[in-house]
Amino acid sequence: MATLIQQHHAETQFAKSYVAEVYDLVKKRNPNEREFHQAVKEVFDSLIPVLEENPKYMEHGILERIVEPERVISFQVPWIDDHGTVQVNRGFRVQFNSAIGPYKGGLRFHPSVNASIIKFLGFEQIFKNSLTGQPIGGGKGGSDFDPKGKSDREIMCFTQSFMRELSKYIGPDIDVPAGDIGVGAREIGYMFGQYKKIRGGYQAGVLTGKGLAYGGSLGRKEATGYGTVYFVEEMLRDIGLGFKGSTVVVSGSGNVSIYAIEKAHQLGARVVACSDSSGYIYDEQGINIETVKRLKEVEGKRISEYVVEHPQAQYYLGCSGIWSIPCDIALPCATQNEIDEIAAKLLISNGVVAVGEGANMPSTLKAIYQFHENKILFGPAKAVNAGGVAVSALEMAQNSMRLSWTFEEVDTKLQEIMKNIYRSSIKAAQEYNAPGNLVVGANIVGFKKVADAMISQGVI
Ligand code: NDP
Ligand code: 2IT
């Protein structure tokens with residue numbers, strides 16, 4: 001008869017080989033989708049102890065099912081530019097998993113968008129949305145359209161064409177898109193108008209991140225950046241530290257970065273650097289966030305303009321150099337894989353204490369390994385940046401009730417949600433023998449709820 005240790009060993013081997021088999025299948029079925037493979041690998045590596053403990057997840061084929069989107073929509077987006085020339089872009093919506101609620105997730109407009117990018121983002125969104133504790137499934141979409149340098153008319157023309165097709169597949173109880181890179185309040189406004197026109201009815205809950213005059217929620221604009229800082233504050237609190245008196249580096253200068261910088265300053269930190277895809281600025285006195293807001297949110301300028309108004313600051317070409325700046329806290333808030341192994345080692349040798357991922361998958365797997373090996377506090381994206389989608393779900397709730405909460409009410413709920421995500425993730429990490437490992441903890445908490453719901457609903 002097998003001893004308990006032998007039995008445990010056999011179960012571990014079984015769970016490991018099941019994970020390896022499904023991961024191989026993912027690579028075979030989705031060739032060349034590097035980012036999607038990366039996101040799957042990170043989640044799968046966390047799940048082995050959960051599968052050992054709950055063989056039912058293997059028996060019900062949960063991994064095979066969870067990596068296969070329920071629906072992938074790819075469509076043509078034709079539009080006419082200001083010269084009268086017809087342009088054609090590619091649009092996507094990946095409806096990944098609806099076990100716990102309607103598909104929910106942003107739309108990204110960036111020339112780098114392809115099936116791999118949208119699938120990695122959609123896959124991450126399943127677990128992130130589950131972590132928030134709200135009833136929302138996972139989805140993502142976007143286009144390879146480049147909003148840079150486009151006139152307002154071109155943006156409207158493109159977004160209307162995009163929505164003409166997307167409108168067939170979304171709805172307040174079906175799939176609720178929102179913003180992401182290159183999609184903010186202006187784009188959501190045009191898409192909402194087009195959806196309303198096509199449907200001939202006012203369905204406020206079909207999109208989130210709307211303007212305040214037509215169903216948007218106070219606090220949504222700030223939610224991802226503020227939530228990122230609230231989460232990292234929880235991480236720091238556990239070792240008796242906080243933002244107060246710390247030096248912080250934030251990459252990017254878009255929606256997430258701006259409000260992460262603002263909240264970090266409010267908590268007494270000095271944020272000394274931020275960036276865009278062309279370069280980064282260093283301001284030893286602390287970045288003037290009002291200048292960044294005006295340059296980026298109102299005037300649509302490059303971050304290099306900052307030094308014209310603040311001559312004490314320096315501008316450096318190239319965005320990756322930002323990680324060579326010594327800091328206590330690093331908040332990558334721009335894009336995927338912006339911190340590689342070299343950048344991680346630089347941050348570590350310069351004394352970084354905590355890293356919080358405001359962007360989606362900004363650290364490579366090798367970078368994450370470095371942070372863990374060197375006992376750096378590391379907050380993974382699907383936990384750290386969940387505040388954005390969490391407040392989107394609060395926007396949906398307000399739309400359903402036909403009322404609106406005050407900024408303070410929304411912000412208080414956001415703080416509670418971020419604390420809960422931290423506490424449940426740290427608890428799961430402890431329970432599954434990975435104390436302090438928030439990657440493992442967040443993946444497990446996010447996965448279990450969705451997997452249990454999938455089992456309850458049968459093979460559908
Ligand atoms: P924005 O479009 O508002 O800003 C993006 C910022 O990142 C810009 O400064 C942009 O610079 C920079 N950036 C984008 N792509 C690249 C690139 N390839 N290389 C270097 N820099 C780049 O987007 P958000 O702030 O909304 O999103 C930032 C990140 O946060 C993304 O990973 C997104 O998925 C994630 N996120 C966003 C949420 C939200 O609510 N908006 C919620 C959760 C996560 P440039 O202007 O030069 O392109
Ligand atoms: O990555 C994300 O969580 C988002 N872009 C926000 C999604 C949302 O539905 O608010």
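Everything numeric here is computed off the predicted structure, so don't read it as measured data. Indexing begins at 1, ligand by ligand and atom by atom, following the structure's order.
- A heavy-atom separation below 4.0 Å is not found between Arg108 and ligand 2.
- The ligand atoms of ligand 2 that sit less than 4.0 angstrom from a heavy atom of Ser392 are 8 (C), 9 (O), 10 (O).
- Under the 3.5 Å distance criterion, the side-chain polar atoms of Ser400 are matched with a main-chain donor or acceptor of Met396.
- By the criterion of a heavy-atom distance under 4.0 Å, the side chain of Arg220, and not its backbone, is placed next to ligand 2.
- Which parts of ligand 2 touch Lys128 is read off a 4.0 Å heavy-atom cut-off, strictly below it: atoms 1 (O), 2 (C), 3 (O).
- The cationic group of Lys140 does not satisfy the cation-pi geometry with Phe96, failing either the under 6.0 Å distance to the six-membered ring centre or the 45° limit from the ring axis.
- Of the N and O atoms on the side chains of Glu262 and Tyr226, at least one donor lies less than 3.5 Å from an acceptor on the other residue.
- Within the cation-pi definition used here (under 6.0 Å to the ring centroid, within 45° of the axis), Lys150 qualifies as a partner of Phe145.
- At least one heavy atom of Lys140 sits less than 4.0 Å from an atom of ligand 2.
- Residue Pro177 places every heavy atom at 4.0 Å or more from ligand 2.
- Only the side chain of Gln125 comes within contact range of ligand 2, with a heavy atom under 4.0 Å; no backbone atom does.
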List the atom pairs, with distances to 0.1 Å, where a side-chain N or O of residues 322-329 and a protein N or O form a donor-acceptor pair under 3.5 Å, not counting sequence neighbours.
from: Trp323; atom 1: NE1; to: Glu338; atom 2: O; distance (Å): 3.3
from: Ser324; atom 1: OG; to: Gly321; atom 2: O; distance (Å): 2.6
from: Asp328; atom 1: OD2; to: Thr247; atom 2: N; distance (Å): 2.7

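- With distances taken over non-hydrogen atoms, the option nearest atom 9 (O) of ligand 2 out of Met396, Glu395, Lys104 is Lys104.
- In this structure, Asp411 contributes its side chain and Phe407 its backbone to no donor-acceptor pair below 3.5 Å.
- Side-chain atoms of Ser143 and Asn89 include no donor-acceptor pair closer than 3.5 Å.
- With Asn360 as the fixed residue, the side chain to side chain donor-acceptor pair (under 3.5 Å) test singles out one of Lys128, Lys382, Gln336: Lys128.
- Protein residues having a heavy atom under 4.0 Å from any atom of ligand 1 are Arg108, His110, Lys128, Lys148, Asp180, Ile181, Gly182, Arg220, Thr224, Gly252, Ser253, Gly254, Asn255, Val256, Ser275, Asp276, Ser277, Arg302, Cys319, Cys333, Ala334, Thr335, Gly358, Ala359, Asn360, Asn385, listed by chain and number.
- In this structure, Lys168 pairs ionically with Glu165, as a charged nitrogen and a carboxylate oxygen lie closer than 4.0 Å.
- Considering backbone and side-chain N/O atoms, Asn360 comes within less than 3.5 Å of an N/O atom of ligand 2.
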